[in-house]
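Everything numeric in this text was worked out from a predicted model, so none of it was measured. Values below: every heavy atom of this structure, side chains too, minus hydrogens, waters and symmetry copies. Count residues from 1 along the sequence.
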Amino acid sequence: MESKICVLFPGIGYTVDRPLIYYTGKLFKKLGYEVIQLRYEGLPKKKGNDVSKMGDTFKMVMEQTRSQLSEILDSAACDKYDSIVFVGKSIGTIAATVYAAEMVEQGSVTGLDKRLRFVFMTPLAETFKKAVSVPSIAFHGTSDPWVQTEIVERECERMGTTLYKYKDANHSLETGDVEADIESLGDVIRKIGQFIN
C-alpha cells in the first residue's frame, strides 16, 4: 500500500483551523494521506503589507518548521513516503519551498523531486525564490495586497506552476460576498483534488 504524507504550512494569522487549510486537510485525510498540521506560536500578529520587514518572523517560522518536522521528515523517515505534498498558505508557502530546498541541498532524501508536490495558497513573491522544480498548483486573489498578480503570473509561468486566479479576492481568497467565497472555497478544494489525482 502506498505511503503518503501531506504537511500543512499555515500563515501568520491564517492557521490550520481556517477554511482553506482546514478543508484541504480533510481532503487529504479522505485521500489516505497522513496529515501533519504545523502550528506557529509567538509570531507577531501583523507586520503590514511589506514582506521585506518580516525577516525575524520568517526566522521564527523556519525554526518552528524544522523543529516540528525534524523526526517526521528526516532522511530515514522521509524515504518511506511514496507521495509528499506540501500545502502552504502565505508565509507558509515560503517555509514549504525553503524546507524542501534544504532537504534537496542536504542530499538526505533521494528522489524527492519525483515524490514531492506543492500546493500554494496565496503565494508571496519570495515563495518562488527557492522552490525546487516539482509539480505545483497555486491559488491567488487578484486583490491580494501582499503581492501583485503580475508577479505571481510570471513566477508561476517560469516554474510551470498551474495558477488559478480569483477575481477581486484578497489574501484569504475572500471578496466579502459570502456565497461567492464559499463557492470559491469549494472550487479550490475540487482543483486540489484533481491535481492530486
Side-chain angles (χ1 to χ4, degrees), residues 4-41 43-49 51 54 57 61 65 83-97 117-128 131 135-157 159-197:
K4 305 181 286 190
I5 188 169
C6 170
V7 182
L8 304 176
F9 295 75
I12 293 174
Y14 205 99
T15 66
V16 294
D17 304 313
R18 302 271 309 264
L20 287 168
I21 301 183
Y22 175 79
Y23 285 107
T24 299
K26 288 184 81 71
L27 170 68
F28 277 96
K29 282 181 184 171
K30 180 182 173 185
L31 295 174
Y33 280 74
E34 175 185 348
V35 176
I36 305 298
Q37 300 178 337
L38 300 184
R39 294 187 183 269
Y40 300 131
E41 298 177 357
L43 302 180
K45 294 292 181 207
K46 188 164 175 71
K47 284 287 183 184
N49 290 348
V51 177
M54 292 175 49
T57 300
V61 165
T65 295
S83 177
I84 302 168
V85 181
F86 284 178
V87 177
K89 170 70 178 81
S90 188
I91 200 170
T93 63
I94 308 172
T97 56
R117 287 176 277 180
F118 289 125
V119 175
F120 300 131
M121 294 183 183
T122 64
L124 302 168
E126 289 76 8
T127 300
F128 304 97
S136 52
I137 187 173
F139 301 93
H140 168 76
T142 61
S143 292
D144 189 334
W146 284 84
V147 63
Q148 294 176 345
T149 298
E150 297 77 22
I151 293 173
V152 176
E153 288 172 335
R154 182 182 69 236
E155 293 299 325
C156 284
E157 184 176 351
M159 280 189 58
T161 299
T162 302
L163 173 63
Y164 294 100
K165 297 177 283 188
Y166 294 84
K167 188 173 174 11
D168 300 326
N170 63 17
H171 196 58
S172 297
L173 293 184
E174 296 178 359
T175 62
D177 179 331
V178 175
E179 291 180 2
D181 294 344
I182 290 172
E183 190 174 316
S184 293
L185 173 63
D187 186 63
V188 168
I189 301 305
R190 278 189 298 275
K191 284 181 166 62
I192 293 171
Q194 292 163 2
F195 170 67
I196 294 305
N197 290 323

Checking side chain to side chain contact (heavy atoms under 4.5 Å, CB included) against Val61, which of Leu38, Leu43, Ile94 comes through?
Leu43
Can you see which heavy atom on Lys165 is nearest to which on Glu153, and at what distance?
NZ-OE2, 2.6 Å
Taking atom OH as the centre, does Tyr23 end up with more than 12 heavy-atom neighbours from other residues, nucleotides or ligands that are less than 6.0 angstrom away?
no
Which value, rounded to the nearest 0.5 Å, describes the distance between Phe118 atom CZ and Thr161 atom OG1?
9.0 Å
What's the shortest heavy-atom distance between Tyr33 and Ser83, and which atoms?
OH-OG, 2.9 Å
If we count only N and O atoms by modelled type, under 3.5 Å, do the side chains of Thr15 and Tyr22 hold a donor and an acceptor together?
no
Under the 3.5 angstrom rule, does the side chain of Arg117 hit a backbone N or O of Ile84 as a donor-acceptor pair?
no
Spacing of Lys4 atom NZ and Phe28 atom CZ [to the nearest 0.5 Å]
9.5 Å
What one should report as the nearest heavy-atom pair of Gly13 and Arg18 is O-NH1, 3.3 Å
Can you confirm whether Glu157 is buried at CD, in the sense that more than 12 heavy atoms of other residues, nucleotides or ligands lie under 6.0 Å from that atom?
no
Consider only side-chain N and O atoms of Thr122 and Tyr14, and report whether a donor and an acceptor are under 3.5 Å apart.
no
Taking the side chain from Thr142 and the backbone from Asp168, do they hold a donor-acceptor pair closer than 3.5 Å?
yes
Is the closest side-chain donor-acceptor distance between Tyr166 and Asp187 under 3.5 Å?
yes
Which distance, rounded to the nearest 0.5 Å, do you find between the OG1 of Thr127 and the CD1 of Ile151?
11.0 Å
Does a side chain donor of either Thr175 or Asp181 reach within less than 3.5 Å of an acceptor in the other side chain?
yes
Check Val147 against Pro123 and note the closest heavy-atom contact, atom names and distance.
CG1-O, 3.4 Å
In terms of heavy-atom contacts, Ala95 and Thr65 come closest through CB-OG1, 4.1 Å
Going by the rule side-chain contact (heavy atoms from CB on, under 4.5 Å), which residues pair with Glu34 if we only count those two or more places apart in sequence or in a different chain?
Ile5, Ile36, Tyr81
Got a donor-acceptor contact below 3.5 angstrom from the Thr93 side chain to the Lys89 backbone?
no
Determine the minimum heavy-atom distance between Glu183 and Arg190, stating which atoms define it.
O-NH2, 4.2 Å
Any chance you could measure Cys6, atom SG, to Leu27, atom CG, to the nearest 0.5 Å?
8.5 Å
Nearest 0.5 angstrom please: His171 NE2 to Leu173 CG, how far?
9.0 Å
Any chance you could measure Ser136, atom OG, to Phe86, atom CZ, to the nearest 0.5 Å?
13.5 Å
Report the C-alpha distance between Ile189 and Thr24 in whole Å, list the side-chain angles of each, state the deciding distance to 0.1 Å, and finish with yes or no for side chain to side chain contact (heavy atoms under 4.5 Å, CB included).
CA-CA 6 Å; Ile189 301 305; Thr24 299; 3.4 Å; yes
